[in-house]
Amino acid sequence: MAVNFNHDCGAEEFKFDYPFSRYHALREQKADSSPMTLQEVKHFLDYIEPEWYDYFLLCFMTGMKSCEVHGL
């Protein structure tokens, strides 16, 4: 028996309507993202305060969000 992830397996087994079957996932617009080029990142890193260099280097080179970096 193939599993249908749009319905609850119990609902199929006991033959009752799945209460959320009428709801569908929302469509999201793609973000208009234009990340910095490597040259722009290097230029930025050249002009920041030395105590922030490692922080921003980690953010730019890993793609981690600030909250993820703070968790480290």
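In this text, all values refer to a predicted model and were calculated from it rather than measured experimentally.
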*Is atom CD of E51 surrounded by more than 12 heavy atoms (other residues, nucleotides or ligands) closer than 6.0 Å?*
yes
_C59 SG to E68 CD distance, which is reported to the nearest 0.5 Å_ = 9.5 Å
_How close do T37 and E40 get, counting heavy atoms only, and between which atoms?_
N-OE1, 2.8 Å
*asked:* How long is the straight-line distance from CD of Q39 back to CZ of F44, given to the nearest 0.5 Å?
replied: 15.5 Å
*Output the distance between atom NZ (K42) and atom CE (M36), rounded to the nearest 0.5 Å.*
12.5 Å
*Take atom CG of L72 as the centre, draw a 6.0 Å sphere, and report whether it contains more than 12 heavy atoms from other residues, nucleotides or ligands.*
yes
*Which class fits the ring pair Y55 and W52: parallel under 30°, tilted 30 to 60°, perpendicular over 60°?*
perpendicular
*First locate atom CG of L45, then atom CZ of F56, and finally report the distance between them rounded to the nearest 0.5 Å.*
9.0 Å
